[in-house]
Each structure stands twice: as structure tokens, then as C-alpha cells.
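Working notes for the structure below.
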Amino acid sequence: MTHACSTSQGPMKNELWCKDPLKGFAAYINSEAYLQSAHKERRIKTLSDDSIEVYTSMFSSFIRYIEQQHLTLFTVSAKEIYAFLTQTTELIDAESGLLKQIPNLNSAIQFRYLRLLERTFSYLDIHPSPTDHLLFGGLRDQYQLKGRNKSTLVLSQEQIQLFLDHLP
């Protein structure tokens with residue numbers, strides 16, 4: 001895995017991502033490279049401004065989290081990504097009056113984050129990608145994503161995408 005932002009030959013092509021990952025992401029999500037990274041059957045010619053705003057907000061949240069952990073895109077592991085995706089908030093259960101841990105992200109959004117990060121790591125040539133272990137590797141079974149709607153997901157993936165595309 002790539003861990004540094006420069007080599008003995010000088011700065012890497014990912015220097016902007018090292019200095020300011022949000023600027024790097026803004027350039028990436030507005031590029032043809034981002035559109036080409038989509039699944040072939042869903043590939044579109046342009047991304048709506050609303051979608052760009054949603055994905056940028058998601059990526060910004062992830063960057064804030066990993067920076068709080070003193071990590072970068074080049075040093076984050078599957079374990080930290082999993083910790084981000086499974087953060088909870090402590091709330092009082094209305095029925096029992098006891099404190100209950102509620103996932104911050106539902107399972108559909110957890111998987112949307114994984115796909116967004118997978119595309120980003122691929123674009124940055126970070127191999128193996130930390131998302132590989134969560135999606136395909138040995139950690140897949142160990143780190144099962146169980147958001148608050150995993151067993152009661154009502155919307156199809158197409159409906160979720162339409163919803164996200166139309167968020168203000």
C-alpha cells in the first residue's frame with residue numbers, strides 16, 4: 001500500500017490529495033475519471049450538482065474522521081473504515097428508558113460509502129485498497145455492516161440513487 005506523498009524521485013501524482021484531500025476529491029468527482037469508475041450499467045454522462053454535493057459531503061465527513069484519528073487516505077486501514085461506518089449515538093429508548101446505541105449510518109449508506117471509497121482508492125492507485133478487505137477479503141465476515149435498516153430495507157438501489165440525486 002502507498003503510504004507517503006513523495007518518493008525519492010519527487011512528489012507523487014497524488015500530491016494534491018496529500019495536501020488537501022477535499023480539493024483532490026472535488027477535482028476527481030467533477031472529472032470523466034469518476035464517471036468512468038461507475039459500474040458499466042449505471043454509467044452516465046454527467047453527475048448532477050445534487051449528487052456531487054452529497055458525495056462531497058460524505059467524503060468530507062470521512063476525511064474529518066480519519067484526520068481526527070491522525071490518518072490519511074494513504075494510511076487508513078479497513079479497521080478504521082469499519083469504525084467510521086459503524087459509529088453509533090447513545091439514545092434513551094422510549095419503551096425501556098435505557099440507553100441504547102443507535103447506528104449513525106443505515107446499511108445502504110454504509111455500502112454507498114464503501115463504493116465511494118473503493119472508487120477513490122482505485123483512482124489513487126492504492127493497492128490493495130483498504131475497502132477490499134471489507135468487501136471481499138477475510139474481514140468481510142468479521143466486519144459485517146449492520147446499519148439500522150439492514151433487515152428492513154424497503155427501497156431498491158435504484159430508488160435510493162434517485163432519492164440521493166434529488167436531495168437539496
Side-chain angles (χ1 to χ4, degrees), residues 1-40 42-89 103-140 142-145 147 157 160-161 163-168:
M1 183 187 295
T2 306
H3 289 278
C5 292
S6 62
T7 65
S8 58
Q9 292 91 21
M12 291 175 41
K13 70 174 185 168
N14 299 331
E15 185 175 2
L16 174 61
W17 287 82
C18 294
K19 290 181 180 179
D20 192 339
L22 296 178
K23 280 186 183 175
F25 185 78
Y28 171 52
I29 198 157
N30 285 291
S31 72
E32 183 66 23
Y34 184 81
L35 295 175
Q36 292 300 315
S37 70
H39 291 298
K40 289 182 183 178
R42 288 198 213 150
R43 198 169 286 159
I44 54 176
K45 295 182 187 215
T46 59
L47 204 56
S48 73
D49 291 341
D50 291 341
S51 291
I52 290 171
E53 189 174 329
V54 168
Y55 292 135
T56 300
S57 175
M58 289 171 65
F59 188 77
S60 177
S61 294
F62 178 71
I63 291 299
R64 275 193 310 276
Y65 177 81
I66 65 171
E67 286 177 348
Q68 289 170 353
Q69 310 304 313
H70 307 289
L71 299 167
T72 70
L73 289 170
F74 302 92
T75 60
V76 70
S77 72
K79 183 178 177 181
E80 287 100 15
I81 293 171
Y82 178 77
F84 169 76
L85 295 174
T86 58
Q87 293 178 88
T88 60
T89 300
N104 292 349
L105 301 173
N106 67 43
S107 56
I109 299 301
Q110 289 171 333
F111 286 106
R112 188 161 300 285
Y113 262 107
L114 277 177
R115 181 65 182 126
L116 178 68
L117 294 174
E118 175 189 31
R119 291 167 80 172
T120 302
F121 291 134
S122 177
Y123 176 75
L124 293 173
D125 294 323
I126 298 174
H127 300 290
S129 167
T131 56
D132 289 350
H133 299 296
L134 293 169
L135 292 169
F136 313 111
L139 294 178
R140 188 175 130 228
Q142 179 182 347
Y143 293 130
Q144 293 183 356
L145 297 175
Q157 287 300 325
I160 292 168
Q161 183 61 48
F163 173 76
L164 289 174
D165 288 345
H166 291 91
L167 286 174

Spatial distance of atom [atom1] ([X]) from atom [atom2] ([Y]) [nearest 0.5 Å]:
| X | Y | atom1 | atom2 | result |
| --- | --- | --- | --- | --- |
| Glu118 | Ser37 | CD | OG | 9.0 Å |
| Asn106 | Phe111 | CG | CZ | 10.5 Å |
| Met58 | Leu117 | CE | CG | 7.5 Å |
| Ile63 | Leu73 | CD1 | CG | 4.0 Å |

Worksheet item: Which of parallel (below 30°), tilted (30 to 60°) and perpendicular (above 60°) describes Tyr28 and Phe25?
Response: perpendicular
Practice prompt. Would you check, one step at a time, whether the test side-chain contact (heavy atoms from CB on, under 4.5 Å) holds for Ile66 with Thr75?
Written response: CA-CA 9 Å; Ile66 65 171; Thr75 60; over 6 Å; no
Are the side chains of [X] and [Y] in touch, meaning some heavy atoms are under 4.5 Å apart?
| X | Y | value |
| --- | --- | --- |
| Gln161 | Ser51 | yes |
| Phe74 | Leu124 | yes |
| Ile126 | Thr120 | no |
| Asn30 | Tyr34 | no |
| Thr72 | Trp17 | no |
| Thr86 | Gln110 | yes |

Practice prompt. Classify the side-chain pair Ser61/Arg64 by whether it contains a donor and acceptor separated by less than 3.5 Å.
Written response: yes
Worksheet item: Just checking, any donor-acceptor pair under 3.5 angstrom between side chains of Glu80 and Ser77?
Response: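 Present: a donor and an acceptor within the cut-off.
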Item to complete: For Ile29 and Phe59, run side-chain contact (heavy atoms from CB on, under 4.5 Å): C-alpha distance rounded to whole Å, both residues' side-chain angles, the deciding distance at 0.1 Å, then the answer.
Response: CA-CA 10 Å; Ile29 198 157; Phe59 188 77; over 6 Å; no
Worksheet item: Under the side-chain contact (heavy atoms from CB on, under 4.5 Å) criterion, do Leu114 and Ile81 qualify, and how do the steps go?
Response: CA-CA 9 Å; Leu114 277 177; Ile81 293 171; 4.2 Å; yes
Practice prompt. Inspect the surroundings of CD in Glu53 and state if more than 12 heavy atoms from other residues, nucleotides or ligands are less than 6.0 Å away.
Written response: no
Worksheet item: Which residues pass the ring pair (Phe, Tyr, Trp, His ring centres under 6.0 Å) test with Tyr65, sequence neighbours left out?
Response: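 With sequence neighbours excluded, Tyr65 shows a ring pair (Phe, Tyr, Trp, His ring centres under 6.0 Å) to Phe84, given in chain and number order.
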Worksheet item: Which atom names give the shortest non-hydrogen contact between Ala38 and Arg119, and what distance separates them?
Response: N-NH2, 3.4 Å
Practice prompt. With Val54 as reference, evaluate Leu116, Leu164, Asp49, Leu47 under the side-chain contact (heavy atoms from CB on, under 4.5 Å) test and give the passing residue.
Written response: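 Exactly one candidate clears the test, Leu164.
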